[in-house]
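Only one structure is covered here, and it is reproduced in the block below.
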Amino acid sequence: MSAAFEMPEAGDKNRSQRKRWEKVFEACDEDKKGYLSREDYKVAVVMLFGYKPSKTEVNSAMASVKQNQSGKGFLSLEDLRKAFNIVAPKLPERTIVEVFREVDQDSDGHISYRDFELAMNYGEENVSALPFI
């Protein structure tokens, strides 16, 4: 007797990964500030990728965030690429573009605060049911 296995859809994997990241962000943002401090960021990287980032890596990530606080009110695809390059440098370009398109709810080519907020709250009711990794 043989068994057939079905590969999960790429969208399912992305949703699962996003839920995991959201859960880690929420766990690390203990004060519910809406952002991660330097120490929070280090803990999140350990939880997501299994290694403690070096001081140089943390400084680089923090510097890129400060540079992008120009007040423009949205994230571009390039902003997202830079962020992923810091936290997940081996992530395929295709995945970054897919994430951008999925989060850009109104398809205007920018991730507005509203787009970002919707993405961060996506599936929140189901996140507590996920195993904590």
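The nearest pair of heavy atoms linking A44 to L36 is CB-CD1, 4.0 Å.
Side chains of S37 and D40: a donor on one and an acceptor on the other come within 3.5 Å. A donor-acceptor contact under 3.5 angstrom links the side chains of S112 and D115, judged on distance only.
Panel note: side chain R20, backbone L48; a donor-acceptor pair is recorded below 3.5 Å.
Within 6.0 Å of the CD atom in E93, the count of heavy atoms belonging to other residues, nucleotides or ligands exceeds 12.
Atom CG of L80 sits about 9.5 Å away from atom CZ of F116, to the nearest 0.5 Å. Atom CZ of R94 is separated from atom CD1 of I96 by 13.0 Å, given to the nearest 0.5 angstrom. Considering CD of Q17 and CG of L91, their distance stands at 6.5 Å, rounded to 0.5 Å. Expressed to the nearest 0.5 Å, how far CG of D104 lies from CG of L118 amounts to 11.5 Å. Interatomic distance, D106 CG to I111 CD1, rounded to the nearest 0.5 Å: 10.0 Å. One finds the OG atom of S60 at 8.5 Å from the CG atom of N85 (value rounded to the nearest 0.5 Å).
A 4.5 Å side-chain heavy-atom check between E102 and R18 finds at least one atom pair inside the cut-off.
Pairs passing the ring pair (Phe, Tyr, Trp, His ring centres under 6.0 Å) check and including a residue from residues 89-112, sequence neighbours excluded, read F74-H110. Among residue pairs with one or both ends in residues 41-64, those qualifying as salt bridge (Lys or Arg N to Asp or Glu O under 4.0 Å) are E39-K42; sequence neighbours excluded.
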Just do the side chain to side chain donor-acceptor pair (under 3.5 Å) check on S76 and D79 with the steps written out, would you?
CA-CA 5 Å; S76 67; D79 294 329; 3.3 Å; yes
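F84 is linked by a ring pair (Phe, Tyr, Trp, His ring centres under 6.0 Å) to W21, counting only residues two or more places apart in sequence or in another chain.
A salt bridge links R81 and E78; the closest N-O separation between the charged side-chain nitrogens and carboxylate oxygens is under 4.0 Å.
Under the 4.5 Å side-chain heavy-atom criterion for Ile, Leu, Val, Met, Phe, Trp and Tyr, V46 and F49 are members of distinct hydrophobic clusters.
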